[in-house]
Trainee: 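Pasting in a structure now, in structure tokens, and then I'll have a few things to ask.
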Amino acid sequence: MPEPNPLQDRVTKLEESTAHQEHLVEQLNQIVIQLRVDLERLESENREHRRQVKWLTENNTTSQEIVDEKPPHY
């Protein structure tokens, strides 16, 4: 049976740790990419909603204006 080599064991553990960290970094990178896509979509939706609210506010007829308005048959 071969004699244990402490240096080789340390190198093996470091390689395993590095491989694990590389995998974790790649997973985190994919999450960041997806979050960026989601953020861009939400920003676009927000711009559209703001545009709609602005249009509705500018084109809103208040109920008081409707009450003061004469009916069409007058």
Side-chain angles (χ1 to χ4, degrees):
M1 177 168 219
E3 200 172 299
N5 184 344
L7 183 58
Q8 183 61 39
D9 290 345
R10 288 182 64 197
V11 170
T12 301
K13 287 180 182 178
L14 287 171
E15 288 173 340
E16 290 171 354
S17 177
T18 301
H20 174 70
Q21 289 175 359
E22 287 174 352
H23 179 70
L24 183 60
V25 166
E26 181 56 34
Q27 287 178 322
L28 291 171
N29 188 48
Q30 292 302 317
I31 291 169
V32 169
I33 290 169
Q34 184 59 49
L35 287 172
R36 180 63 189 169
V37 169
D38 293 345
L39 176 63
E40 289 173 356
R41 179 183 52 79
L42 289 170
E43 286 174 336
S44 176
E45 288 176 9
N46 187 36
R47 277 192 300 276
E48 178 61 21
H49 291 150
R50 290 172 61 96
R51 187 193 65 74
Q52 290 174 356
V53 167
K54 182 179 178 184
W55 185 89
L56 287 171
T57 323
E58 290 171 352
N59 296 299
N60 186 19
T61 307
T62 63
S63 59
Q64 185 60 35
E65 290 173 349
I66 294 173
V67 170
D68 290 344
E69 193 174 292
K70 290 184 180 180
H73 63 275
Y74 278 103

Trainee: Identify, with sequence neighbours excluded, every residue that meets side-chain hydrogen bond (donor to acceptor under 3.5 Å, both in side chains) alongside E16.
Mentor: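 Residues passing side-chain hydrogen bond (donor to acceptor under 3.5 Å, both in side chains) with E16: none at all.
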Trainee: State which residues pass side-chain hydrogen bond (donor to acceptor under 3.5 Å, both in side chains) with Q34; sequence neighbours excluded, sorted by chain then number.
Mentor: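 So Q34 forms a side-chain hydrogen bond (donor to acceptor under 3.5 Å, both in side chains) with D38.
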Trainee: Report the residues that fulfil side-chain contact (heavy atoms from CB on, under 4.5 Å) with E15, sequence neighbours left out, ordered by chain and then residue number.
Mentor: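 Only V11 meet the side-chain contact (heavy atoms from CB on, under 4.5 Å) criterion with E15.
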Trainee: Donor-acceptor pair, distance only, cut-off 3.5 Å: does the side chain of N29 make one with the backbone of V25?
Mentor: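 Side chain of N29 to backbone of V25, a donor-acceptor pair under 3.5 Å: no, none is there.
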Trainee: side-chain contact (heavy atoms from CB on, under 4.5 Å) for Q27 and H23? Distances and angles first, verdict last.
Mentor: CA-CA 6 Å; Q27 287 178 322; H23 179 70; 3.2 Å; yes
Trainee: Does any non-hydrogen side-chain atom of V37 lie less than 4.5 Å from one of R41?
Mentor: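 The answer is no; the side chains never approach within 4.5 Å.
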Trainee: Using the side-chain hydrogen bond (donor to acceptor under 3.5 Å, both in side chains) criterion, which residues pair with Q21? Sequence neighbours excluded.
Mentor: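 For Q21, no residue satisfies side-chain hydrogen bond (donor to acceptor under 3.5 Å, both in side chains) once neighbours in sequence are set aside.
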Trainee: Taking the side chain as C-beta and beyond, is there a heavy-atom pair between Q30 and I33 under 4.5 Å?
Mentor: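 Counting from C-beta outward, Q30 and I33 do come under 4.5 Å.
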Trainee: Rounded to the nearest 0.5 Å, how far does CD of Q8 lie from OG1 of T12?
Mentor: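 Going from the OG1 atom of T12 to the CD atom of Q8 covers 4.5 Å.
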Trainee: Would a 4.5 Å heavy-atom cut-off, applied to side chains only, mark H20 and S17 as touching?
Mentor: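 Answer no - side chains too far apart.
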Trainee: If the condition is side-chain contact (heavy atoms from CB on, under 4.5 Å), which residues does R36 pass it with, not counting sequence neighbours?
Mentor: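 For R36 the side-chain contact (heavy atoms from CB on, under 4.5 Å) partners, ignoring immediate neighbours, are L39, E40.
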Trainee: Looking at residues at least two apart in the chain, or sitting in another chain, which of them share a side-chain contact (heavy atoms from CB on, under 4.5 Å) with H49?
Mentor: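 In terms of side-chain contact (heavy atoms from CB on, under 4.5 Å), with neighbours along the sequence ignored, H49 is linked to E45, Q52.
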